[in-house]
Structures are given as structure tokens and as C-alpha cells.
2 protein chains.
Amino acid sequence: MKTITVYDIAKEANVSVATVSRVLNDTAPVKHSTREKVNAVIKKYQFQPNALARSLISKATGMIGMILPDITNPFFPEVFKGAENEARANGYTIFLCNSGGDYRRESDYLSVLKEKRVDGILFLGGRINLSRCSPEMVNEVVELSQQIPMILINGSLPKSGLHRVMADEAAGAEMAVQHLIELGHQEIAFIGGVDYMTPTIHKVKAFKKKMLENRLRIREEWILHQDFSVKSGKELMTRLLQGHERPSAVFCVNDFNAVGAVKAAIEHGLTIPGEMSIVGYDDTPLSTTLIPELTTVTQQTYELGRQSVQLLHQMIHGEKIKKITALQPQLVVRQSTAPYRKR
Amino acid sequence: MKTITVYDIAKEANVSVATVSRVLNDTAPVKHSTREKVNAVIKKYQFQPNALARSLISKATGMIGMILPDITNPFFPEVFKGAENEARANGYTIFLCNSGGDYRRESDYLSVLKEKRVDGILFLGGRINLSRCSPEMVNEVVELSQQIPMILINGSLPKSGLHRVMADEAAGAEMAVQHLIELGHQEIAFIGGVDYMTPTIHKVKAFKKKMLENRLRIREEWILHQDFSVKSGKELMTRLLQGHERPSAVFCVNDFNAVGAVKAAIEHGLTIPGEMSIVGYDDTPLSTTLIPELTTVTQQTYELGRQSVQLLHQMIHGEKIKKITALQPQLVVRQSTAPYRKR
DNA sequence: TAGTCCAATGAAAACGATTACCGTATACGA
DNA sequence: TCGTATACGGTAATCGTTTTCATTGGACTA
């Protein structure tokens, strides 16, 4: 089966390829009758111009790449959705690249995206969430970003000066802790996350700051880390509950950890929020499916994706954009937190 | 900044472009010393061949498109992950196309994928889950599938003869109902899903079949439909509980609905599984975050994605593959079901 | 020693569009 | 009737690769 080209259309419509192209792209005036004739042939053969050939010459592919650590973490599908809608509205299609947070996989994808000549790249997770990131890993990204418009979402690279769109995690974390303090809690623990990754670091810092501001005691043994999974949240909470003293409230690095914490607490016979208040982070769909529904901090996840693509689109068109765009998080109070009650 | 091409490499290495291409693709013998020389230049400029130009001539893009209804439904990220891993292992990158189940959006994407000349298409949800689908909607897909290898995942199109990979939903549903019956339940309800979509239809049919086989009464007023969301599950369960009689067990069309049902039951003061057994479907991550953990049916979601890409890959290489590949679902008993107790 | 074959390479023609540049028909005013 | 502006149409170059075909110089066989 032969692939049909503009030449075939041109021949059948008795015009030149230039005219076909003009009809296709509306780039120069074409007589009405001619246009009709050409369109008829195009329709007859269901002709669609080859985007590869077109891109080769126009230098634009209408493709963007999105690298993220784990699409099964419900935070990311929401970001993707925002990105995807904005992308489609502007004529882009998205390569979704699941890196597993593995920097080799990231490099692999970076290279693939480059050779596929995507118009832009959205980078989430992995190396951009590491508190220290090797110079090679930084360089690789910086160099690519000089060739292809790129935006870092919810992350950064030391001294790279790359464009970023992010939720203000410190502010969000402060809100969460403030909320607990206002409820009268004094013995508050922090759970979760990988200790050398920035989401954890920012939140721990904000946590300590708030505690200090309110002259509350910070117990280092109540700041526990592991990773970002449900399992991890459960294990850390269990460890917390095994101590001979226990906090009356826990702030978790994300919803996954919070869900695990809730499960551990319930298995331990505690009622939530009666005997233990728990706050999550991200406002993923999990937080409303949980019983009790989770008090958490929303990051405007959808907006994060949408605005990133919007900005990327501007970059692609050579417009200057702000280096940093910060979205304000917001506390969402649900059922997993309640005023402190003496036991 | 000039883009560098094989010509630049060739010139600098004192060879012809043909030789550069041979080094790049290892498609013909090249003298060792020449190869070294060329590779050195390639490395020096960090040259990466333009995939567009390459694809234009090779007719292969290394891109596949995946159309699915809703990436925020936790069932799909898992499918995607399976697909993505297998894809990457075979050198493909995936365009993720979120259709929202909207057939116009599907058509739009179908057309974009065609003009981008993807090597293959994975189609999930939307029109392929409709019990009746207009001839135009069928045709559009069938015609495209004659030009581009395509696999329908968990769905079908009437008389289209397209390749399909699917979980055997009828078998899975029978297992779920069988499980409840074996626990001694006799008054069982079915909840959820859009009534004209195949996931619902298959499950209701299996439900009725099992009930009949066991001479149990089927009450039409206990077969309720709405959509696939948590909210919907909650509303339907609430409606069920307002009747003056109520079932002792409920089989839900998916985990979302089941979560909603559990929430409604608990709000209604029932204990689960003590007073009400609930079974979900899909074994999404939700099922283990819920308290109690949900008894559900696993569809081997990851495998669904992985095997689909594997088969698609074979199709792309012109191999003949089975028209239908069915994965066996499996019952996963957790905490939301228990033996019937008289009240 | 002549003939054969193969490894190693280069020149040029694709692939399927866009587009710069030039050519021509028509209409219009003088 | 002629000159000229207007409105298109056509040709060919271009994008950056791969690939076919031809060429060359040995090495090997008979």
C-alpha cells in the first residue's frame, strides 16, 4: 500500500504541490474553486500530511516530553492531566516518561527526547529533588536546557538558573503545622520521606521553624524518615507508637505516608482524630477515599501542570518568562485532625 | 547556533556521510580506525542524529500512542507503567493521550497519532467500552487500524475483528460473586457503573448467572447503576440502605464504587465486614489504603499493559499474533468480606 | 598469473513535506 | 491597444538522514 503524498494530491487535483501546501497551511491566497478541488481530493484519500517531513523543515514537532518519577503516585496523574489539557489546546502531544526516580533512566529519556527533537521538556522528580546532585547530573540537564526549552516542576538544580514552576512547600508545611498548633497540640511528630530529598527537607525545616516560633519542644526522635510510600508511613508510625511516650499529632510528608500512619494508628487501637491527629500533604484523591477523610495540603496539582505547559509554550515561542513561578498551597481541613484532648 | 548534521561530522572526520551513517547504525562493515575517528568527532560535538529525518526514510518512528479515558483513575497508571517499561525495553516512547472518554477527543488524538506516524496504537476505554457504538465511530478506528498496528485493551468494537488484549471480566465477576455465596450470603446486590458500558454489562451478566446457578433471588431493585466514581458508589449504597430490606453483601463494578459503598455503609453505622460484605474490582492501590482493606478482583493490570506492548511490537514487525489474548483475573480476599451472620 | 570475491568506502538518490523565487494570466486604466 | 499591478501557479532547493549502487584495492583460489 503506497503512502500518498502532496504530489499525488497535486497531480489528481491538477495543481502543483505548492498549491496543495498553501491549501493545507493557509499560508497564501488560493482561489476558492481551487481550494475546493484540492480539499476534495484530500478528503477522498483521507490524506494527512506527514508530520515528520513537515517538522524536518519547520523545526517544530508539536511534541513535548514530561519526565516524572512515578505515575502510580496519584499526585502525578493530576499534574499530567493539567499539562495535557493545556498542551492539546496548543497543539502539542506529550511523551510521558516514567523514570522511577532513577537518574540513569532520566538520562536515557533526556537523550531520547533530544533526538526526537521535542519542542520542550517538563522535568519532575528524580535528580531535581535531590539535596545534593552530582555536577555531571546537573550539567547534563543544563546543557540540554540550552538547546531545548525546559521547565523544572517542583524541584531545582543547584546554581543552574533553570526555569521553575513550583508549589511553595515550605509555606504549605507551615500551614499544616500551624493548624495542629492552633488545635492545641504540643507534642507533634514528623513522619516520612527520604531524608536527602528536597520535599522532605523543606517540610522538616518548616516544621521545626513553626515549632520553635511557638516554643514547642522538638524531639529529634520524633522526626522519622524512610521513603514516600504507604508502607513506610505505616512502619514509621508503628515505631512512633512503640515509644513509651507518644505525640498527639503527626504531620506527614505526603498523603501516602499519612494513609500508612492512619492505618498503623487504627491497628494500634487509636481513634482518629480523637486520640491522634494526622495531616497529609498533596491532597491526592486518596485523602478523600480514606476513612476518616484526610486533612491535607493541596498544591493546586492540576494548575501546576497546566501553568507549566503554558509557560513552556511561551518559552518555545521565544518569549521571556519569569524564572520562578510559585503556586500557593492551601490547607484542606477534613476529618483526620481535631482539637487536642488530654488523655 | 547551527544544528550539526552528519555532513559536519563527515567533513571533520574526512569521510563521507554514508560512512557516518554506517558507524551510527552498524549497518555495514567499517574499518576499525575509521570508526574510531568518526566516533571521536561524534562525541566531540555530542552529535545525535535527528530522529525525524531518520524516521522519514526508515518509516519507523519508535513512537507509540496510548489512548485512555482517565489517567487519574488508579487503574490506568498501572497499565501505563507496564506498557511503558516494555516499550522502553524495545526502544519505543509513548504518547499518553487522555481522552476523558470523550469520543471527539479520541478522534482528535487518533488523527494526531496518524499524522505523527506512530508505529502503533494502544486503545483503551471510550468508544470501545460502549455496548453500542455508531458505525462511523467503529469505521474510523477500523480504517486506521489497517494503516497502523493497533490493539484494543479491555474493550472491543462490534464486528471489527481488531486485535484485543483483555482481562476476562466475566470470569472475574463470577469469582467475586462465588466468593460471597460461599461465605453464606444470599441477599446480594450489584452496584455501579454506567449501564450501557461493557464493564458494567459483563459483570451484571456474570452476577445474574451465578445467582441463578445457586438458585438465589435476583432483585432488579438491587442492581443499581450510575457511573464509575467514588461519589456514585456512595450514593448508590446510600439508596440501597434506605430500602426497608437490605442485602448482606454488595458486589461493586470497580474499586472506586466499592470505596464509596464502604464510606456510605460506615456513615450509616454499619460495620464492615461484620454487617456488610463488599467486593470491589480492579485491585487498584485504593484497595489496600482503604480501612478495612478491600476484597477485590485483580486484573493483572501491569501485565495488561506489558503484554499489549509486547504484542504490538510483534505486530509492528509484521508477525501474526492471536486476535484475542485474555488474562485471567484473580480474586484477592482482604478484609471487607466475611461469612454471613444472621442479624 | 588471471580471475573471483569481499571489505571498505563514496556519490547520489531517495523520504515527504515547505517555501523562495520566478513566471504567467487576468483585469484594469489610460 | 498597451502597460502594469494583482493574484495565483510552478519549479526546485531544502530539511537531515538512510540506502542503493558503483568503485577500489587487496587477499585468496585455481
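Naming convention: chains lettered A, B, ... in sequence-line order (proteins, then strands); numbering from 1 in each chain.
- As judged by a 4.0 angstrom heavy-atom cut-off over every strand, Thr5(B) is placed among residues touching the sugar-phosphate backbone only.
- There is a side-chain donor-acceptor pair under 3.5 Å between Ser107(B) and Glu140(B).
- When heavy atoms are screened at a 4.0 angstrom cut-off, Val20(B) is found touching no nucleic acid atom at all.
- Closest to the side chain of Ala18(A), from the set dA17(C), dA20(C), dT17(D), is dA20(C).
- The separation between Leu56(A) atom CG and dC15(D) atom P is 9 Å, rounded to whole Å.
- Side-chain atoms of Ser99(B) and Arg127(B) include no donor-acceptor pair closer than 3.5 Å.
- Out of dA17(C), dT9(C), dA14(C), the shortest distance to the side chain of Val30(B) is found at dT9(C).
- Between His313(A) and Tyr92(A), the ring-plane angle classifies as perpendicular under the 30° and 60° cut-offs.
- One N or O donor and one acceptor, one from the side chain of Arg22(A) and one from the base of dG10(D), sit under 3.5 Å apart.
- Looking at which nucleotide of DNA chain C each of Val17(A) and Ala53(B) is closest to, the 5′-most match is held by Ala53(B).
- Side-chain N or O atoms of Glu106(B) include none that pairs as donor or acceptor with a backbone N or O of Ile67(B) at under 3.5 Å.
- Distances shown here put a side-chain N or O of Lys59(B) below 4.0 Å from the OP1 or OP2 atom of dG16(C).
- Atoms CG (Asp26(B)) and P (dT9(C)) sit 13 Å apart, rounded to a whole Å.
- Using a 4.0 Å heavy-atom distance criterion, Ile4(A) is classed as a sugar-phosphate-only contact.
- The base of dG16(D) does not come close enough to the side chain of Arg117(A) for any donor and acceptor atom to sit less than 3.5 Å apart.
- Distance NZ (Lys31(B)) to P (dT24(D)): 17 Å, rounded to an integer number of Å.
- Nearest nucleotide to the Asn50(A) side chain, out of dA17(C), dG16(D), dT19(D): dA17(C).
- Counting non-hydrogen atoms under 4.0 angstrom, Ser55(B) reaches nothing in the nucleic acid.
- We find that OH of Tyr7(B) is positioned 14 Å from P of dA13(D), with the value rounded to whole Å.
- No side-chain N or O of Gln307(A) forms a donor-acceptor pair with one of Gln300(A) less than 3.5 Å apart.
- When the P atom of dG9(D) is taken as reference, atom CG of Asn14(A) falls 12 Å away, rounded to whole Å.
- Taking atom NZ on Lys116(B) and atom C1' on dG16(C), their separation rounds to 15 Å, with Å as the unit.
- Which of dA11(C), dG10(D), dG16(C) sits closest to the side chain of Ser16(B) comes down to dA11(C).
- Arg306(A) has a carboxylate O that lies under 4.0 Å from a charged side-chain N of Glu303(A), or vice versa, which qualifies the two as a salt bridge.
- Atom P of nucleotide dT17(D) and atom CZ of Arg54(A) are separated by 21 Å, given to the nearest angstrom.
- Checked against dT11(D), dT18(C), dG16(C), the side chain of Asn25(A) finds its nearest nucleotide in dT18(C).
- When the C1' atom of dT9(C) is taken as reference, atom CD1 of Ile9(B) falls 18 Å away, rounded to whole Å.
- Contacts of Ser58(A) with the nucleic acid, taken as non-hydrogen atoms under 4.0 Å apart, are absent.
- Here Thr34(B) lies in heavy-atom contact (under 4.0 Å) with sugar-phosphate atoms only.
- A residue-by-residue look at Val6(B) and His32(A) shows that His32(A) has its nearest nucleotide of DNA chain D further toward the 5' end.
- Listed nucleotides: dA17(C), dG10(D), dT19(C). Nearest to the side chain of Ser21(A): dT19(C).
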